[in-house]
Structure formats: C-alpha cells, structure tokens
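Notes follow the structure.
Position 1 is the first residue of the sequence, and the numbers go up from there. Keep in mind it's a predicted model, so treat the numbers as computed, not measured.
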Amino acid sequence: MVFKSINPYNGEEIGAYKALNQEALVEKLDNSQKAFESWREVSLQERCHLIKKAGQVLRDNLEDYAKMITLEMGKPISESQSEINKCAWVCDYYADNASTFLANQPIVTDADKSFVRHDPIGSVLAIMPWNFPFWQVFRFAAPTLTAGNTGLLKHAPNVFGCAQKIEEVFIKAGYPSNVFQSLIVHHDQTEKIIAHDAVKAVTLTGSERAGAAVAEISGRYIKKTVLELGGNNAFIVWEDADINKSVQIALTARMLNCGQSCIAAKRFILVESIYDEFVHKFREATMSLKSGNPLDKNTTIGPLARLDLANQLNQQVKKSIAQGAKLLLGGHQKGCYHEPTILGDVVPGMDAFDQETFGPLAAMIRAKDIGHAFTLSENSNYGLGVSVCTQNTDKAIKYAYRVSDGAYFINELVKSDPRLPFGGNKKSGYGRELAKDGIMEFVNRKTVYIKY
C-alpha cells in the first residue's frame with residue numbers, strides 16, 4: 001500500500017509513502033523495546049539536554065518544517081511557523097522542568113525512609129491527527145521521551161511528510177537510534193501494534209469514534225490510554241463585555257487553523273441584550289479575513305485539509321439551515337475550500353449546536369441571561385473548554401464550578417500552554433497533557449519503603 005500526500009489547495013501530490021510490511025513493522029516494534037532498555041539508563045540530565053537540542057533543531061529548520069505543514073494540510077504559512085515555534089517552546093519547557101517534576105517525592109511513614117520515584121514504563125504509541133501535525137506530536141514526545149520512554153508515532157496518512165520531518169528532528173538532535181520512530185501503517189494495523197509487548201501505553205488525539213476503538217483495544221490488552229478527543233466549545237459573552245475586544249478574541253478562537261481545532265470556539269452563546277451588536281461586528285470582522293494560497297504570508301483562511309472534511313462541513317451548514325438556522329454569511333464550498341460561515345438563531349437540536357463542526361463555521365446562539373448561557377453551554381456531550389467574556393472577572397470566577405469542561409478561560413480563547421495541564425471531560429476524553437500532569441501520565445509511580 002502507498003499513501004499519497006495531496007496539497008488541498010491545488011490538488012498536487014506532495015509525496016508518496018510506502019506502508020511497512022508485517023516483518024518491517026515487527027522489527028520496528030522490537031527495536032523500540034531494545035532502545036528503551038538502553039535509553040532508560042541515560043541520565044535525566046542528558047535527556048533534558050537532548051530535548052533542548054530538539055527545540056533548537058526546530059528553530060533552525062523552521063521554514064522547511066512550516067512549509068511541509070502548509071503543503072500537506074493547508075494551514076496558512078504564518079500559522080505553520082507559529083506551530084513550529086510552539087513545539088520548540090514545549091521542548092525548552094521540559095528541558096528546564098523535567099528534573100523537578102521527576103524528582104523523588106519523600107513521604108513520612110513508619111519507615112526509616114519512604115518515597116515515590118518516577119520511572120519510565122517503556123514504549124508509548126502516539127496516534128496523532130493532521131490538524132496540528134507537529135504540535136500534537138511534540139506535546140506528547142517532549143515529556144514522554146524526557147521521562148525515559150521511547151516513542152512510536154502513528155500519524156494521520158495525509159501528513160506522513162510531517163511525520164518523517166519529526167523523526168528527522170530527533171535524529172538531528174542526537175537521540176539514539178529507535179528512541180523515536182514513525183510508523184507508516186494503515187489504521188488496520190493498530191491492534192497489532194498495541195498488542196505488542198513493547199507497547200506499554202497509548203495516547204490518541206482524534207475523533208470520538210477513534211478514541212472509543214483504541215480504548216477498547218487497549219483495555220483488552222490492559223494498556224493505559226490518554227484520549228484527547230473532539231470538542232464543541234462554548235464562547236459565552238455577558239452583557240457587560242467589551243464587545244469589540246470580545247469579537248477579536250472570538251474571531252481567532254473560531255477561525256484559527258481555518259476552524260480545524262478541537263478547542264476552537266464553535267458555539268457562541270450571547271446574552272440577549274448584546275446579541276445583535278456582537279453578531280454584526282463579528283460578521284464584519286469575518287468579512288475582513290483574506291482567503292487564498294496558504295503559502296502567501298497574507299492569507300488568513302486556507303482550504304480545509306481534505307475534500308471529505310469540506311463536504312461534511314457543508315452538509316452540516318445546509319442541514320442546520322433546513323432546521324431553522326439563519327445564514328448570515330458564507331455557506332458556499334468549492335473543493336476543499338469552504339467560505340467562513342455564520343449561522344444565526346441556532347438552538348439545541350440543530351447540527352450546528354449539537355455536533356462538532358470542524359471548519360470555519362460560527363453558530364450564534366441567544367441566551368436569556370447568564371444562568372441560561374451556562375445551561376446551554378453544558379448542553380453538550382463534549383467537555384473540552386469554555387470561554388467567558390465579561391468585565392466582572394470576580395463574578396466569572398465564581399461560575400467556574402458550573403463548567404464540567406477541562407478548561408475555563410476568562411476573556412481569552414481556550415488554548416494549550418506547556419505550563420498548564422490540557423485535556424477534557426465527558427466525550428472529549430480523559431487524561432492530561434502538558435505541564436507536570438503530562439509527564440506523569442507515562443511514568444511508573446513507584447513506592448520505595450526502607451527500614452534500616
């Protein structure tokens with residue numbers, strides 16, 4: 001089997017990648033186990049040094065890596081460059097903090113000495129998506145490799161070029177052979193990989209369906225999982241909010257990466273008194289976005305990553321209109337390109353409210369008051385993040401308990417930050433990435449008890 005990487009902007013083939021045969025796949029898995037046995041003997045100081053070097057490799061090759069992202073999945077080049085820089089940041093973060101995170105934790109007991117140590121567990125399989133093809137991988141790889149584990153990457157087939165570039169980063173940084181490997185395989189090989197004795201855990205970022213399937217397989221083999229799945233984030237605007245500021249935050253929250261993000265704001269829940277003003281200004285701001293070739297540094301909206309994704313979004317738009325939503329802007333599709341689109345008077349029961357919309361579609365929803373806004377926000381199977389815009393931040397903090405999501409941002413879009421734990425609740429998954437929590441997901445918390 002050969003996987004072809006296609007530029008969604010012009011349909012040109014970027015690269016072709018031959019799938020591993022069974023023998024080659026098993027060899028890579030065996031090599032990952034062998035690499036772990038020596039990699040865990042490398043000092044934490046040296047592992048921190050290497051992840052720091054990986055960050056520098058990313059910076060030194062920023063233009064090359066950013067271009068590959070844009071060619072393979074259509075992200076505007078300026079955003080691709082930002083993605084590479086963020087990957088370098090997460091490398092620096094764990095280089096600077098892993099020693100503190102992984103230090104022995106003394107605990108007073110009846111022993112003469114007792115403590116918890118944090119040891120690596122083995123090879124960790126990462127099943128990663130195409131929408132942030134470098135960032136999603138590095139926020140797994142930086143803590144996981146630095147903790148002493150080895151990494152296996154099963155990337156999305158449309159970004160196998162990025163997968164090869166990522167493997168190149170670790171080679172250039174001086175990592176030992178097979179500490180990080182990219183697996184060019186079809187998804188039907190997933191169970192075989194998980195079942196292999198070398199693989200001790202799995203982390204997946206992807207759809208609810210993919211997460212459920214991987215969790216079921218992993219459970220059968222008693223392998224730990226971390227799942228970061230879909231989202232249908234609410235962006236709540238109170239009546240006292242600075243509307244101009246809120247609109248600019250909202251525009252980025254929805255349209256960054258052409259809306260192809262699990263943590264993008266998708267449901268804009270607006271208190272009735274400011275609904276018309278917010279929608280009018282958001283529409284004007286959306287009309288100022290520049291569509292075009294994503295390699296043009298002035299482009300802010302590129303194509304969606306694949307034709308099927310654009311088709312799916314367009315079907316959600318059409319069905320929502322049939323269900324009673326008002327088309328306020330856009331709504332048209334041409335190939336992989338879908339116009340930035342705004343739907344008004346969206347209510348529960350419409351596709352634009354109930355489903356995750358992975359593209360430049362903003363659903364405008366009326367709320368009677370603040371309490372009703374939070375009720376609407378919670379009316380979702382997902383639980384990744386919520387934004388609230390208000391000038392009364394003290395009051396907003398008191399509402400944090402009303403939110404079942406994994407993140408609550410006041411006067412800012414929901415975003416990932418190496419210094420903060422990231423993850424969701426409900427059908428958005430479980431477990432945490434980034435910060436101290438992220439490095440602790442794939443270590444053996446080992447109790448040590450001593451009497452002299």
Looking at [Y] and [X], is any side-chain nitrogen of the basic one under 4.0 Å from a carboxylate oxygen of the acidic one?
X      : Y      : result
Lys446 : Asp119 : yes
Lys28  : Asp30  : no
Arg267 : Asp354 : no
Glu228 : Arg139 : yes
Glu441 : Arg432 : no
Arg40  : Glu37  : no
Glu63  : Lys67  : no

Item to complete: May I ask you to check whether Phe282 and Phe268 place their ring centres under 6.0 Å from each other?
Response: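 Yes: the rings meet the under 6.0 Å criterion.
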Discussion item. Would you say the ring centers of Phe180 and Tyr175 fall short of 6.0 Å from each other?
Written reply: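 Between Tyr175 and Phe180, which both carry aromatic rings, the centre distance is not below 6.0 Å.
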Can you confirm whether [X] sits close enough to [Y] that some side-chain heavy atom of one is under 4.5 Å from a side-chain heavy atom of the other?
X      : Y      : value
Glu12  : Leu71  : no
Arg47  : Leu145 : no
Arg220 : Glu216 : yes
Leu343 : Leu361 : yes
Leu25  : Leu183 : yes
His118 : Asn444 : no
Thr205 : Ile127 : no
Thr286 : Ile342 : yes

When you look at [atom1] of [X], are more than 12 heavy atoms from neighbouring residues, nucleotides or ligands closer to it than 6.0 Å?
X      : atom1 : result
Lys224 : NZ    : yes
Lys290 : NZ    : yes
Glu23  : CD    : no

Worksheet item: Going through the checks in order, is the ring pair (Phe, Tyr, Trp, His ring centres under 6.0 Å) test met by Phe170 and Phe138?
Response: CA-CA 11 Å; Phe170 293 105; Phe138 272 90; 5.4 Å; yes
Worksheet entry | side-chain hydrogen bond (donor to acceptor under 3.5 Å, both in side chains) evaluation trace for Tyr408 with Ser387 | CA-CA 6 Å; Tyr408 184 64; Ser387 292; over 6 Å; no
Nearest-0.5 Å distance that lies between atom [atom1] in [X] and atom [atom2] in [Y]:
X      : Y      : atom1 : atom2 : value
Lys319 : Gln316 : NZ    : CD    : 9.5 Å
Ile269 : Ser377 : CD1   : OG    : 5.0 Å
Glu83  : Ile77  : CD    : CD1   : 10.5 Å
Asp92  : Ile51  : CG    : CD1   : 9.0 Å
Glu356 : Asn233 : CD    : CG    : 8.5 Å

Worksheet item: Please walk me through it: do His49 and Glu46 pass side chain to side chain contact (heavy atoms under 4.5 Å, CB included)?
Response: CA-CA 5 Å; His49 172 68; Glu46 177 62 13; 3.9 Å; yes
Backbone of [Y] reached by a side-chain donor or acceptor of [X] within 3.5 Å:
X      : Y      : value
Ser428 : Gly230 : yes
Lys427 : Leu229 : no
Ser5   : Ile14  : no

Practice prompt. Could you tell me whether Lys86 sits above the aromatic face of Phe134, with NZ or CZ closer than 6.0 angstrom to the six-membered ring centre and within 45 degrees of the axis?
Written response: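 Cation-pi check for Lys86 and Phe134: fails.
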Practice prompt. Examine Arg254 relative to Phe235 and say whether NZ or CZ is less than 6.0 Å from the centre of the six-membered ring and inside a 45° cone about the ring axis.
Written response: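 No cation-pi geometry.
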Practice prompt. Apply side chain to side chain contact (heavy atoms under 4.5 Å, CB included) to Val388 and Phe409, showing your working.
Written response: CA-CA 6 Å; Val388 171; Phe409 280 59; over 6 Å; no
Worksheet entry | Pairwise salt bridge (charged side-chain N to carboxylate O under 4.0 Å, His left out) hits with a residue in residues 144-170, at least two apart |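 Found Asp64-Lys165, Glu168-Lys172.
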Discussion item. Test side-chain hydrogen bond (donor to acceptor under 3.5 Å, both in side chains) on Gln81 and Tyr65; report intermediate values, then the result.
Written reply: CA-CA 8 Å; Gln81 292 168 348; Tyr65 297 157; over 6 Å; no
Distance-only side-chain donor-acceptor flag, [X] / [Y], under 3.5 Å:
X      : Y      : result
Glu72  : Asn7   : no
Gln56  : Asp60  : yes
Lys75  : Asn257 : yes
Glu378 : Ser404 : yes
Glu339 : His332 : yes
Thr70  : Tyr9   : no
Tyr449 : Thr109 : no
Ser218 : Thr225 : no

For the residue pair [X] and [Y], what are the closest heavy atoms and their distance?
X      : Y      : result
Lys223 : Val199 : NZ-O, 2.7 Å
Ala285 : Val247 : CB-CG1, 4.0 Å
Gly359 : Leu313 : CA-CD2, 3.8 Å
Ala310 : Cys336 : CB-O, 3.7 Å
Val403 : Val386 : CG1-CG2, 3.7 Å
Phe140 : Gly151 : CZ-CA, 4.1 Å

Practice prompt. Take Phe422 and Asp417, measure what side chain to side chain contact (heavy atoms under 4.5 Å, CB included) needs, and give me the verdict at the end.
Written response: CA-CA 8 Å; Phe422 178 85; Asp417 182 316; over 6 Å; no
Worksheet item: Under 30°, 30 to 60°, or over 60°: which ring-plane class applies to Phe160 and Tyr17, parallel, tilted or perpendicular?
Response: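 It falls in the perpendicular class, over 60°.
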Discussion item. Parallel, tilted or perpendicular: which one describes the rings of Trp130 and Phe358, with boundaries at 30° and 60°?
Written reply: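 Plane angle over 60°, so perpendicular.
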Practice prompt. Just do the side-chain hydrogen bond (donor to acceptor under 3.5 Å, both in side chains) check on Asn31 and Gln181 with the steps written out, would you?
Written response: CA-CA 9 Å; Asn31 286 342; Gln181 298 179 84; 5.0 Å; no
Practice prompt. Tell me, with the steps shown, if Asn425 and Asp405 meet side chain to side chain contact (heavy atoms under 4.5 Å, CB included).
Written response: CA-CA 6 Å; Asn425 193 14; Asp405 296 47; 5.9 Å; no
